[in-house]
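Here is how names work: the chains are called A, B, and so on, in the same order as the sequence lines, proteins then strands, and each is numbered from 1. Heavy atoms only: backbone and side chains are in, while hydrogens, waters and symmetry mates are out.
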Protein chains: 2
Amino acid sequence: MQLAVSTVIFALREPDRRSVRTGADTPRHVLSLPLVCRVREPYDGYWALPGGPLRGSEGLADAAARTLEETTGLRPAYLEQLYAFGDLDRSGSPDDHERVVSIVYWALVGQEEAAGARVGQNVRWLAADTLPDLAFDHNLIVDYALWRLRTKVEYSRIAHAFLDETFTLKELREVHELVLGRTLDPANFRRQVEASAAVVPTDSFRTGGRHRPARLYRYDTAIPPVDLGPLARPELAARSDS
Amino acid sequence: MQLAVSTVIFALREPDRRSVRTGADTPRHVLSLPLVCRVREPYDGYWALPGGPLRGSEGLADAAARTLEETTGLRPAYLEQLYAFGDLDRSGSPDDHERVVSIVYWALVGQEEAAGARVGQNVRWLAADTLPDLAFDHNLIVDYALWRLRTKVEYSRIAHAFLDETFTLKELREVHELVLGRTLDPANFRRQVEASAAVVPTDSFRTGGRHRPARLYRYDTAIPPVDLGPLARPELAARSDS
DNA sequence: TAAATAGTGTCTTTAAGACACTATGGA
DNA sequence: TCCATAGTGTCTTAAAGACACTATTTA
């Protein structure tokens with residue numbers, strides 16, 4: 001029996017230049033995740049989630065953060081356990097009866113951090129909504145992580161993890177719109193965010209557009225991004241603000 | 001490295017006869033869970049969650065259902081993965097550096113089923129809100145399971161798992177009240193349940209009280225109890241109605 | 001017929017959503 | 001000066017909660 005730890009890493013990235021849509025209302029960012037190309041059987045040549053075996057001296061979340069760092073050079077702004085997969089038919093090849101239990105985490109990476117992502121030899125970022133067939137049951141795992149991300153964005157503060165330290169309410173709203181896949185009313189969104197006390201206004205403004213500058217807000221770090229109940233010990237790696 | 005599967009099993013049981021409160025408004029049932037007394041170090045003599053190592057030929061949920069059956073003879077009406085615990089300091093004894101990763105499930109058992117629970121030599125049911133110090137990190141695990149149960153009761157249909165095939169709306173409301181620890185308005189509760197279409201009225205009534213008989217409802221099995229998104233394959237063991 | 005719970009009606013409060021409106025910096 | 005977005009006001013709708021009220025059975 002093998003025990004592995006894998007991570008579904010989400011970031012908002014510049015869309016591929018080869019992308020067809022370059023119209024006026026094309027969103028500037030695409031929800032993407034880094035995948036690793038397998039170089040041996042089973043699933044030789046298929047894309048797979050970054051991960052690896054659990055080492056003897058690290059916790060589960062540590063292992064997730066380590067493989068995340070090894071494949072992308074990034075540090076996550078948010079990290080949470082997703083699910084433990086341990087069915088017997090996961091290996092794909094019916095010959096192989098070696099059982100693999102995968103404890104999967106999911107992570108969010110900020111814009112600034114993601115921009116400097118190291119792209120290794122066998123690593124590529126793919127858009128989350130147009131994934132090819134992945135190795136093992138990794139399509140199911142990504143689908144589940146996407147579902148968790150979408151449901152959690154609506155009742156928690158994890159959307160901030162995609163942004164830099166300060167941001168306008170429009171930028172925060174666009175993160176929600178990108179994740180949820182639908183537009184949100186700017187006026188109502190503003191009121192909800194302000195009422196939730198999740199963000200704190202700063203004295204700075206984002207200028208440059210052909211319009212009135214927008215106030216910059218910052219995340220109130222005193223408020224935890226999600227309510228994990230008794231599991232409140234944060235597995236969230238500290239943000240690299242340096 | 002060892003991989004174990006444990007289960008937090010909840011049922012509503014008759015309160016202990018030794019219980020102090022026998023006043024008029026004492027609730028008839030208590031949220032309880034079966035625990036196993038350890039007979040060796042570490043934590044010799046402490047109560048612990050039922051569980052055991054994962055066998056080579058079974059899935060994770062199968063292992064949870066198996067240990068549940070072995071310790072209590074019961075079949076769960078609801079079974080869901082809770083969390084994977086794998087920190088390095090879980091063993092309790094600082095000498096023992098053997099790492100144990102526990103994949104924990106939580107289960108709900110119906111009233112009829114729980115009434116016939118087999119009580120083994122080292123098994124005892126304890127009230128969930130007055131637990132003693134348990135072995136390992138099992139207090140934290142139970143706290144988290146309780147938190148999940150309480151939050152999930154409010155937006156899903158798992159409360160039905162505690163009841164028999166047919167039940168009155170008062171009985172369903174009392175389950176919610178017992179789990180949530182507060183009273184609910186009967187009129188509003190009735191409307192919410194009816195609006196959710198989770199239950200179907202039958203033509204039978206519960207008679208016997210010194211009052212108007214209450215209509216019996218049954219759970220609409222066509223509606224899944226929870227929304228697990230892409231993980232919708234049910235891990236719920238079928239209810240033993242025989 | 002009275003006790004006790006089943007079940008209904010309706011008012012208030014709160015939050016979400018739709019959408020018109022004012023404010024202001026920059027081309 | 002006008003465009004584009006920032007930001008505000010307000011109406012409608014839906015849901016939750018409080019609580020008075022009627023209905024029906026058994027002791």
Starting at CZ of R191(B) and ending at C1' of dG17(D), how long is that distance when rounded to a whole Å? 9 Å
For K170(B) and for N188(B), locate the closest nucleotide of DNA chain C by heavy-atom distance; then report the residue assigned to the nucleotide nearer the 5' terminus. K170(B)
Output all residues satisfying salt bridge (charged side-chain N to carboxylate O under 4.0 Å, His left out) with R118(A), sequence neighbours left out; order by chain, then residue number. E69(A)
Short question: side chain of Q111(B), backbone of D164(B) - any donor-acceptor pair under 3.5 Å? no
Write down the distance between CG (D185(A)) and C1' (dC11(D)), rounded to a whole number of angstrom. 13 Å
Quick one: on DNA chain C, does G208(A) or Q192(A) contact a more 5' nucleotide (nearest heavy atom)? Q192(A)
Let me know the distance between CG of L169(A) and C1' of dG7(D), rounded to the nearest Å. 10 Å
Minimum-distance nucleotide (side-chain atoms of F205(B) versus dA3(C), dT5(D), dG7(C)): dG7(C)
Given dT26(D), dG9(C), dT8(D), the nucleotide with the shortest approach to the side chain of A187(B): dG9(C)
Distance in angstrom units between L172(A) CG and dG7(D) P, rounded: 13 Å
From CG of L216(B) across to P of dT5(C) the rounded distance in Å is 17 Å
Give the rounded distance in Å between these two atoms: CZ of F189(B) and P of dG7(C). 13 Å
N/O donor-acceptor pair under 3.5 Å between D185(B) side chain and R190(B) backbone: no
Under 4.0 Å from OP1 or OP2 of dG7(C): is there any side-chain N or O of R190(B) that close? yes
For V5(A) against Y105(A), the heavy-atom pair lying closest together: CG1-CD1, 4.1 Å
Test side-chain contact (heavy atoms from CB on, under 4.5 Å), reference L35(B), set L131(B), V123(B), I9(B), output is L131(B)
Determine whether any donor atom in the side chain of R206(B) lies under 3.5 Å from an acceptor atom in the base of dT24(D), or the reverse, and answer yes or no. no
Can you find a donor-acceptor N/O pair under 3.5 angstrom joining the side chain of R212(A) to the base of dA23(C)? yes
Tell me: NE2 of H211(B) to C1' of dT1(C), nearest whole Å? 18 Å
R182(B) CZ - dA16(D) P separation (whole Å): 12 Å
